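Each remark here refers to the structure printed beneath this line.
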Amino acid sequence: MSTKTIGWILAIFPILGILSWATAGLPSSPAGEFEGGYAAFATEIGKNSDRIHVNMGLAAIAYSVLIAGVICLRGKVAENNNSAFTALAGILVVIGYAATIAENGAYSAAASLSSEGLVTEAVSMLTLAATAGGYGTAILALGIGLLGYSMFKSKTIHVISSSAFMFVGIIGVIGSILFYDQGLIAIYYFSLTITTVATGIELIRTGK
């Protein structure tokens, strides 16, 4: 895959992914901070189950393409610096993202169960979503941080961009462990979106 193509993927698909989440009809407060707890959150998402089901699928597709772009970027890094960190970064990104796909599916299932009045079962699925999403995001963020370090060492992209990837990785690991189901985790998602979009624009401008 050409560098410019990777750039377009990194520039476009993070925006599509985060827009899919933002328009899914989920409550503005995450489950961990929602008034009434997980049961009230489950009841609320049951009101928009169809839209949540569609948007979670769209988000999964958008982020899957993004992750493919990240893996291709790792391949570009490996051409210049095929270190153990570079190889490990790719493995962690794939493993971590697989777990976050389970999170999307669990959210969709929780909304469907809640719409049918099965709130207790919906709460179980939300708990699964938070657990799988938290662990998966921590692993994914660690991979992104290591990829940033590899790009910093190989000078594949600008030092500011590679440092931003490392920063995003650190935020993601800490946030996923300490406050994944709380509003502060939004810092990680917005940082990841801004960093990947900015890097994509850089690759579009400089790539061949």
Side-chain angles (χ1 to χ4, degrees), residues 6-34 41 44-45 48 51-52 55-71 73-74 89 92-93 96-97 99-104 106-107 126 129-149 151-152 157-205:
I6 296 173
W8 282 110
I9 290 173
L10 296 184
I12 294 174
F13 284 90
I15 298 174
L16 295 178
I18 203 165
L19 285 177
S20 297
W21 268 92
T23 59
L26 295 170
S28 56
S29 299
E33 296 179 347
F34 197 78
F41 188 90
E44 186 67 22
I45 64 174
N48 298 312
R51 197 200 321 175
I52 290 173
N55 281 48
M56 289 297 98
L58 293 175
I61 293 171
Y63 282 117
S64 294
V65 177
L66 172 61
I67 293 301
V70 171
I71 295 300
L73 178 59
R74 189 212 66 86
L92 291 174
V93 166
Y97 183 66
T100 63
I101 287 290
E103 177 189 17
N104 280 34
Y107 260 110
L126 287 175
T131 304
Y135 290 161
T137 300
I139 296 170
L140 174 61
L142 180 58
I144 289 173
L146 290 177
L147 178 60
Y149 176 74
M151 290 189 290
F152 177 82
I157 58 177
H158 195 278
V159 62
I160 295 177
S161 299
S162 57
S163 299
F165 270 101
M166 288 188 281
F167 177 70
V168 167
I170 293 171
I171 292 176
V173 171
I174 295 174
S176 299
I177 295 173
L178 297 180
F179 45 79
Y180 186 74
D181 63 347
Q182 300 176 27
L184 282 174
I185 196 62
I187 298 173
Y188 163 72
Y189 288 114
F190 284 118
S191 299
L192 177 62
T193 301
I194 293 170
T195 299
T196 50
V197 170
T199 302
I201 294 172
E202 177 186 342
L203 294 177
I204 292 170
R205 295 178 60 188

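Since we're looking at a predicted model, the values are computed, not measured.
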Exercise. Output yes when a side-chain donor or acceptor of Tyr63 lies under 3.5 Å from a complementary backbone atom of Ile18, and no otherwise.
Key: yes
Quiz item: For the residue pair Tyr107 and Trp21, is the inter-centroid distance of their aromatic rings smaller than 6.0 Å?
Solution: yes
Quiz item: Would you say the side chain of Ile45 lies within less than 4.5 Å of the side chain of Leu126, judging by non-hydrogen atoms?
Solution: yes
Self-check item: Listed once per pair and sorted, the side chain to side chain donor-acceptor pair (under 3.5 Å) pairs that draw on residues 160-172, sequence neighbours left out
Solution: Ser161-Glu202
Quiz prompt | Selection residues 167-179 - residue pairs positive for side chain to side chain donor-acceptor pair (under 3.5 Å), sequence neighbours left out | solution = none
Practice problem: State, with a plain yes or no, whether a side-chain heavy atom of Val93 is found less than 4.5 Å away from one of Leu147. | Solution: no
Exercise. Just grab all the side chain to side chain donor-acceptor pair (under 3.5 Å) pairs involving residues 138-147, residues at least two apart or on different chains.
Key: none
Practice problem: Identify, with sequence neighbours excluded, every residue that meets side-chain hydrogen bond (donor to acceptor under 3.5 Å, both in side chains) alongside Tyr189. | Solution: Tyr180
Self-check item: Greater than 12 external heavy atoms within 6.0 Å of Tyr135's OH
Solution: no
Self-check item: Evaluation steps, side-chain contact (heavy atoms from CB on, under 4.5 Å), between Tyr97 and Ile139
Solution: CA-CA 8 Å; Tyr97 183 66; Ile139 296 170; over 6 Å; no
Exercise. Considering non-hydrogen atoms only, spot the tightest contact between Gly148 and Phe165 and give its length.
Key: CA-CB, 3.6 Å
Exercise. Locate the shortest heavy-atom distance separating Ser64 from Ile101; write the atom from each residue and the value.
Key: OG-CD1, 4.1 Å
Practice problem: Locate the shortest heavy-atom distance separating Glu44 from Pro27; write the atom from each residue and the value. | Solution: CG-CG, 3.6 Å
Quiz prompt | For Ala99 against Ala132, the heavy-atom pair lying closest together | solution = CB-O, 3.7 Å
Self-check item: Residues that Phe41 engages under ring pair (Phe, Tyr, Trp, His ring centres under 6.0 Å), provided they are two or more places apart
Solution: Phe34
Quiz item: Between Leu10 and Leu66, which heavy-atom pair has the shortest distance, and what is it?
Solution: CD2-CD1, 3.6 Å
Quiz item: In chain order, what residues pass the side-chain contact (heavy atoms from CB on, under 4.5 Å) check against Leu184, with sequence neighbours excluded?
Solution: Phe179, Ile187
Exercise. Using a 4.5 Å cut-off on heavy atoms from C-beta on, say whether the side chain of Leu16 contacts that of Val65.
Key: no
Quiz item: Quick check: does any side chain N or O of Thr196 sit under 3.5 Å from a backbone N or O of Thr193, one acting as donor and the other as acceptor?
Solution: yes
Quiz item: Does the side chain of Thr100 come within less than 4.5 Å of Asn104's, by heavy atoms?
Solution: no
Practice problem: Determine whether Thr199 and Met151 make a side-chain contact, defined as any pair of heavy atoms from C-beta on separated by less than 4.5 Å. | Solution: no
Self-check item: Leu92 side chain near Ile144 side chain, heavy-atom distance below 4.5 Å
Solution: no
Exercise. Please report the shortest heavy-atom distance between Met56 and Ala24, naming the atom on each side.
Key: CE-CB, 3.9 Å
